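These figures come from a predicted structure and were not determined experimentally.
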Amino acid sequence: MPRYAKLIYTGYWWSPEREMLQQMIDASQEHVNGVVRLKLYKGNVIVVGRKSDDSLFDANIATFEEDGGAYNQADAAGFIKLNALRMRIAANKGRKLF
């Protein structure tokens, strides 16, 4: 968002970069809908509730207790190793990733 804001602030509304970022933002918001309840108090905004028919949240698996087999702890090791692969390759080549 800082890059997007800077493009607009500096007058690049019609630039290809801004339009590309806008397409990514629009795609990421395609399934965003619902209702958010807010509490306004002394200049603060506090989210007190949210509801969406397209929510990915499932209370049955959002737990450290029994989740009906939705998550296998053994999967984490492979995921972590795979996710770090690009960083290991860069380190082997003496490169630093940001």
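With a 4.5 Å cut-off on side-chain heavy atoms, Arg88 and Lys81 count as touching. Proximity of Leu38 to Ile46: side-chain heavy atoms (C-beta onward) are nowhere separated by under 4.5 Å. A heavy-atom distance below 4.5 Å is found between the side chains of Arg3 and Leu21.
Note: the hydrophobic cluster containing Met87 does not contain Ile89 (ILVMFWY, side chain heavy atoms under 4.5 Å, direct or indirect links). Cluster membership for Leu40 and Val36, using ILVMFWY side-chain heavy atoms within less than 4.5 angstrom, is shared. In the hydrophobic cluster analysis, where Ile, Leu, Val, Met, Phe, Trp and Tyr join through side-chain heavy atoms closer than 4.5 angstrom, Val48 is grouped apart from Val45. In this structure, Val47 is not a member of the same hydrophobic cluster as Val35, with clusters built from ILVMFWY side-chain heavy atoms closer than 4.5 Å.
Of the inter-residue distances, the one linking Leu82 atom CG with Leu85 atom CG reads 6.5 Å to the nearest 0.5 angstrom. The CG atom of Asn33 sits 4.5 Å away from atom CG of Asp54, with the distance rounded to the nearest 0.5 Å. We find the CD-CH2 distance between Glu19 and Trp13 to be 9.0 Å, quoted to the nearest 0.5 Å.
Not counting sequence neighbours, the partners of Ile25 by the side chain to side chain contact (heavy atoms under 4.5 Å, CB included) test are Met1, Tyr4, Gln22, Gln29.
Without hydrogens or angle criteria, Arg18 side chain to Leu7 main chain gives no donor-acceptor distance under 3.5 Å.
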